[in-house]
Structures are given as structure tokens and as C-alpha cells.
Amino acid sequence: MSKEQSLNKTIAQIWENKYAVPLYQRNFAWTEEQIGQLLQDIYDNAPKSDNDDCGNYYLGSLVVLERKDGVWEVIDGQQRLTCLHLICKYLDILNKPCLTYDSRPEVERFFADLFIKSWNDFKEEYDKIDNSKISRLKDALSIVEIFKIRTGKGDENTTSLKEMTPNQRNLLAKYISSKVILVRIPLPQDTDVASYFEIMNNRGEQLQSHEIVKAMLMQGLGDNERNIFATIWDGCSQMNLPIQQTLSHYRGKGLFGTNFDSLNFDCMETIENELSNVQNERTIEDILNDNSSDNKWLSGESGEEPDVKYRAIIDFPNFLMHVFRLYKSKVNTSDDTEIPLNADSMPTEKPYYITDSMDFIKFLLKVRTFFDRYVIKMQGDDEDDENLKWRMLRPYRYEYNGRQTLKSKNTFWGSDDNDNEDEKYSRNSRVIKQQSMLQVTFRQRKYKRWLYELLYWLCDNYGNVEAVAEDELSKYLDNWIKVYYYNLINEWKSKTNDIMCAGTDTPHFLLNFIDYLYWIASLQKETTIRYAKEIKEFQFKYYNSVEHHLPKSYKNTNKDNIDKIGNLCLISKRKNSSLNDKGPTEKAKIEPGLQPNRSVMYQITHDYGKWGDTEIEAHQRDINDLLNQIPLLIGK
């Protein structure tokens, strides 16, 4: 392809043309994870002051085909392009639509109206429209505006496009227009678009940064050590399977003990001796791309299906960054540089603090084993809030008809033959409630400081993976949550608005924490917290929209009460849209599984037949009482 056919284009240059998403492309599907990551990546590379001199940031490629009318047909990259379209509209980089969708009138109208009306008027109008064909686009509008971009090392150091000053937004807009680059690749006019699109969707992925690190760490190892290193690394990389399954071959050699629930590094010497008797002339590249029958257990082809299917709360590259930081603290180097938890900072060469690769691979296995046993997992789709469940599982050896296999039960309690009791415990475990509260609050796979500090505590305090007691873990998590809460309160003391009257700016952590405290209060034999004893079973969900139970649009209401935390709860963005034009008595449908605070608000509305200033102020006092009882509920 000639230089003229493939050009780097700034975003300003991209919008000099119009683009059409053809009918064979799927609808816009990005969620908070992808949109938030795009915003975070751009912010991380953008200047923070007028004096900063930042280079170009390359955002990837955009594959297009020019139509006869001069419009570019988007073949690959439409999700990113659509998201950029919304971001540029919000930052006033664009004043007219440059993106259309073929044969989708609802979407066409959506983009046309977006540029006719003001941002706020448009959002208010479309919040009332319930149409599945534009639901993701509606969600994206809110995410672009209010997503919490991390501006520092701590989880509390955040901002959003909405919270930025006009100067900060202008600085970011200028950077996006002139320094953010897309490689726009036009296809030849005689291209079979359908075939090309199928190839693009089925193409293999490029070698990732963590795989390059793997190769660097394996340099200098003997053949048998390479085998062990590669096998353990690949087993650890499969985050959605228990490590005892991905390393089933080593399980049989005693690596995980006789019951498959411990970790025994003494057997490594035996494994190394066995491998040393095997002729092995493979290169690092061979091991990286190993698809031999000896490694079938790594790809899930060993014939052993997991008895509980789940998804990890973090992917392997970001998990690996946690392990790098943990290992650096373990070897106690004189360098105090902090390893970032963000996989975007993955090193592309051997980390200097790893001088013994085999020691590191054992450490990686140890951390992964702790992670599997003492960190929650997801069951279900995180986009399907109502069916999402949280589990914490440990493995055990199961024998049937002379055959040994791997099964899972709840980490701290579990009956082999009573699934109902097992599930009941899973729903009510305090440790699961604590971790799921933190997970739904700090959802991104990057920057999980709470997870890093939990893994540090586990590795620092326990030599045996099976030694952690439930009450010890719960006490640690309560202390972490409590310290974070007090730091958050202190941080807000320097702001002009009160954290208890912040409306939609209320930190999601605080609202989730209130739900957790209500649940703890409901378990007490005696409590002074109103309605606490009526709290039912619930699961923390990925609710990310702050809802005013009494809408801002209501007249004859004390406006100072509207934004009080006594009038707020967390719900899903989709639910927020459906409740937007309803009054409190219409909303207050008491259903199974409601979050505690929302359930209490609905119960008060139901009992008194209304929800106004009196009820809000009374509930505000209830919440203050609840927060004042933190030492009683979760310790001093």
C-alpha cells in the first residue's frame, strides 16, 4: 500500500470527511470499560498545563472504503470512531455530525438531534426515550460526561470532563484535535468488502507486551527450566479457570498437595529432574506458541470441565503488574520507584528487579493461588445486573468411581452435597459483600489499589495459602474500607460543596458503603437504625447512576434537600432512564434484591404514602446515625 493510501491523520483532519457505518456492521456496543479506558489513555498522554509539551498519541487504525459520493465507509474501527464523535461533540471540537449509520433511522436521528440541541437539552429529551437501538449511545453520553478519570496515584484523585475547568477542557480539546492520531487506511476500490470484513473479524491478535516480557524472563534458562517457566506462566494467564485446572499435569505430581488445595514447591525439584531426562531443543518462540498435546490442559482440552464457571475481576496483564509491584517489594531493592498497576505501563524488557526468573515464576504462582482462593469471582454477565452473582471458591479433590477430579466449594464454608446452603452462604458472606462492594465501586481492571493491598497483606502475613481465616480477612477488609472512607471525608472537607449534599457528584464509594453498613446493621441483634431489620438479601451490582428519588423537576420542594444523600441512591443507567419522569410513589416498588438504602427509601415512601422534605430530612438523619455507628458496626 502506497504512502498516499495510508496516512496518519489528526482527529481534526479525520473530521474533514464524513463517515458511514454500513448495515453489515453491528450497532455501537462499547460500555463504560472501553469508553472510560479511551478517556483515561488520552488524558494520561495529554498536557496538564499550557506549558506542557506533549507528543502525538497514536490511537490505532481506521480502515475505510471511499464511496462514489465521497463518504468513507467504515470497515474497521467504528466503535472507536463513534466514541470519538461523542467526545469531540462534548468538547466543542465538532459542530456538525460527521458520522451516519446506514438504514438505521433511530441512530441517524440521534446524531442529527445531538448537534441541533444543547448537550443538556438533548440528554434530558433522550432520557425519556426507551429504544433499545440507541440505548448504548445514550449510556455513552453520560459516560463521556461523568466518567471519573484518574489524575493521580490514588483512587480518590479523579476528575471528569464535566468537572474540568473551561481551561482544562480547552487544553484537552486542543490536544485531541492536533495531537491524537488515527491511521486512516483506504482500501482499493475493487476490494471484496464482505470477505475483507470477515478476515478482519477473524484475524489473530498481535503479540502482547506481557508475552514479550515472558520471552525476556526466559532468556538464559535451561531447557527444563524453560518448560516449567512457560507452563506456569501460561497456566497463570488463564484467569477464568482455577490454577489447579490449568496446571492439572503438575497437580498430579503433588504441586497442590494431596487434596489439591495447598501449594508445595518442594515437588519442583522432582519435576525438574523428570524434564531433564527429556530431549528438548525448543526455542523460546516454540514455547510461546506451544500447541502440543503435552499442553492441552492449558487450552481447556484436558477433558476436565470446571464445575463452577466464573470470570475473574481482572485480566492477566493487569494482574501481572500487581505481581511485579509485589515482587519488587519482596526483593526490597534500594530503588523506591513505584511500579504502576496499569498494564499500559507493561515493560517491554526484563524488569531489572527480577534477577532470578525461576524465583519470580514461583512467586507468580503463589500470588495467583492466593488470588484464586481469597478474591471474589463473577458469575453471570456484568451487563445483566439482575443475574450477576459473586463467589469465592477453593478447590478440593473429588473422587468418583476411582477417578480423581477437581471441584470447587466456597472458600470458608461449603457443603459438598447441599447446593442450596452453599448458595445461601455465598450470598451472605461478609467477605464477599466487602469485596463485591469494592469491585462495583472500582470497576476498571486498572488501578485496583484495594486488590493490590489485599494481595500484599495475604502474601506478607501467610506462608501457606490455606492458612487464612475468614474473620482475619474480614477484619482486614473492614479496616481498609473504613480508612478509605475517612480519607475520602477529609479530602472533601477542602471542597466547596458538602459530600452529604453533593447530588450526582456524590462518590459512588459512599453510596455503596451506606448499603454495606445498612446490611451490617440488619445482622445486629439490636439496632437503633430505622428500617435496618427490614433489609433483605441483595447482591452488590454494577449500578453507576446516582438517582434522585424526589426528582429535581418537582416544584414546591426545598431545593437544598434535592441533592442531599438522604434523597439519593445508586441504580443502573438504563433504570435511571426509565424512572426519569416518574414520581417517588411510582418508583417505590418494593422488589426482591433491592440495594438496602434504596429499599429503605422505598419502604418509607410506601409507609407514609409520600416522599418530600420531611422524609428526606428524616432519612438524612438516619444515614448520619448509620455513619456515626461505624466503630460499632465495623470496628474502631
Side-chain angles (χ1 to χ4, degrees), residues 155 308 310-314 371 373-380 382 385-394 409-414 421-443 448-451 453-454 457-458 468-485 488 507-525 527 529 531-544 569-571 592-600 623 626-627 629-635:
D155 294 316
V308 179
Y310 59 75
R311 289 181 299 130
I313 62 172
I314 193 171
F371 175 87
R373 187 164 182 147
Y374 300 111
V375 177
I376 55 169
K377 315 292 185 289
M378 291 183 288
Q379 281 187 284
D382 57 359
D385 292 321
E386 302 313 314
N387 294 319
L388 182 65
K389 295 179 181 178
W390 303 101
R391 301 293 299 273
M392 184 177 291
L393 302 167
R394 64 178 171 90
K409 64 174 69 173
N410 281 306
T411 294
F412 295 111
W413 180 91
E421 287 298 313
D422 198 52
E423 175 65 18
K424 182 178 179 181
Y425 173 82
S426 177
R427 290 195 302 271
N428 289 289
S429 164
R430 184 158 176 161
V431 172
I432 291 177
K433 281 288 191 293
Q434 292 163 327
Q435 289 195 29
S436 58
M437 185 201 85
L438 293 171
Q439 169 60 17
V440 300
T441 302
F442 308 114
R443 176 177 181 170
K448 286 190 184 298
R449 194 181 75 187
W450 73 268
L451 177 59
E453 293 183 5
L454 170 60
W457 178 79
L458 289 168
V468 184
E470 183 176 16
D471 60 341
E472 293 172 344
L473 179 55
S474 179
K475 183 177 179 181
Y476 167 80
L477 290 167
D478 267 343
N479 186 65
W480 195 99
I481 291 167
K482 180 178 58 181
V483 169
Y484 187 91
Y485 166 73
L488 183 67
H508 291 189
F509 171 86
L510 179 56
L511 292 167
N512 283 320
F513 184 43
I514 289 169
D515 282 331
Y516 174 63
L517 291 176
Y518 259 123
W519 179 73
I520 295 295
S522 75
L523 304 179
Q524 307 299 306
K525 290 183 178 179
T527 179
I529 303 299
Y531 289 94
K533 285 299 183 181
E534 296 189 32
I535 301 298
K536 308 299 182 184
E537 292 181 358
F538 81 103
Q539 296 266 326
F540 277 106
K541 307 291 179 64
Y542 285 114
Y543 293 159
N544 51 10
C569 62
L570 279 178
I571 62 175
L594 286 177
Q595 309 297 98
N597 183 42
R598 185 176 165 202
S599 174
V600 169
I623 290 176
L626 188 66
L627 293 171
Q629 291 189 29
I630 287 174
L632 174 65
L633 296 172
I634 63 174

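Computed from a predicted structure; not experimentally measured.
- Scanning all heavy atoms of the two residues, the minimum distance from Ile630 to Leu517 falls at CG1-CD1, 4.0 Å.
- Of the inter-residue distances, the one linking Arg443 atom CZ with His508 atom NE2 reads 11.5 Å to the nearest 0.5 angstrom.
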Note to self: The test is side-chain contact (heavy atoms from CB on, under 4.5 Å); show your working for Arg430 and Leu477 and say whether it passes.
What the structure shows: CA-CA 10 Å; Arg430 184 158 176 161; Leu477 290 167; over 6 Å; no
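- Note that CE of Met437 and CD1 of Ile514 are 11.0 Å apart. Values are rounded to the nearest 0.5 Å.
- Inter-residue side-chain proximity for Leu523 and Ile535 is flagged as unmet; no heavy-atom pair is nearer than 4.5 Å.
- If you take CG on Leu626 and CG on Leu633, they are separated by 6.5 Å, rounding to the nearest 0.5 Å.
- Side-chain contact between Met378 and Trp390 is present, with at least one heavy-atom pair separated by less than 4.5 Å.
- Here the straight-line distance linking atom CG of Leu438 with atom CG of Leu451 works out to 10.0 Å at 0.5 Å rounding.
- A heavy-atom distance below 4.5 Å is not found between the side chains of Gln539 and Ile432.
- With a 4.5 Å cut-off on side-chain heavy atoms, Gln595 and Leu570 do not count as touching.
- Ring geometry for Phe538 versus Trp519: interplanar angle over 60°, hence perpendicular rather than tilted (30 to 60°).
- Closest of all the heavy-atom pairs between Arg394 and Asn410 is NE-O, 3.5 Å.
- Taking the six-membered ring for Trp and thresholds of 30 and 60 degrees, Phe513 and Tyr485 have ring planes inclined between 30 and 60 degrees apart.
- The side-chain heavy atoms of Val375 and Gln439, taken from C-beta on, include no pair separated by under 4.5 Å.
- Shown are Phe442, Tyr516, Trp450; of these, the ring pair (Phe, Tyr, Trp, His ring centres under 6.0 Å) with Tyr484 is made only by Phe442.
- Remark: Asp515 pairs with no residue by the side chain to side chain donor-acceptor pair (under 3.5 Å) rule, at least two apart or across chains.
- The two residues Ser522 and Ala532 make their nearest non-hydrogen contact at CB-O, 3.0 Å.
- Counting heavy atoms from C-beta outward, Pro507 and Leu488 have side chains that approach closer than 4.5 Å.
- One N or O on the side chain of Gln434 and one on the backbone of Ser474 form a donor-acceptor pair closer than 3.5 Å.
- Once rounded to the nearest 0.5 Å, the distance linking OG of Ser599 with NZ of Lys536 reads 8.5 Å.
- No more than 12 heavy-atom neighbours from other residues, nucleotides or ligands sit within 6.0 angstrom of NZ on Lys475.
- Between the Lys482 side chain and the Gly635 main chain, a donor and an acceptor come within less than 3.5 Å of each other.
- Although no hydrogens or angles enter the test, the distance criterion places no donor-acceptor pair under 3.5 Å between the side chain of Thr411 and the main chain of Tyr374.
- Residues satisfying the side chain to side chain donor-acceptor pair (under 3.5 Å) test with Tyr518, not counting sequence neighbours, are none.
- Counting only distance, with no hydrogens or angles, the side chain of Gln435 and the backbone of Ile376 share a donor-acceptor pair below 3.5 Å.
- Aromatic ring centres of Phe540 and Tyr542: separated by at least 6.0 Å.
- Heavy atoms only, all atoms of each residue included: Arg598 and Cys569 are closest at CG-SG, 3.9 Å.
- At a threshold of 4.5 Å between non-hydrogen side-chain atoms, the residues Tyr543 and Val440 do not count as touching.
- The two atoms that bring Val468 and Phe412 nearest to each other are O-CE2, 3.3 Å, heavy atoms only.
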Checklist line | Test side-chain contact (heavy atoms from CB on, under 4.5 Å) applied to Leu458 and Phe371, step by step | finding: CA-CA 9 Å; Leu458 289 168; Phe371 175 87; over 6 Å; no
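- The CG atom of Leu393 sits 6.5 Å away from the NZ atom of Lys377 when rounded to the nearest 0.5 Å.
- Applying the salt bridge (charged side-chain N to carboxylate O under 4.0 Å, His left out) criterion to Glu453, with sequence neighbours excluded, gives Arg449.
- For the pair Ile520/Lys433, no side-chain contact is recorded, criterion being any heavy-atom separation below 4.5 Å from C-beta on.
- Between Ile313 and Lys448, the closest heavy-atom pair is O-CE, 3.2 Å.
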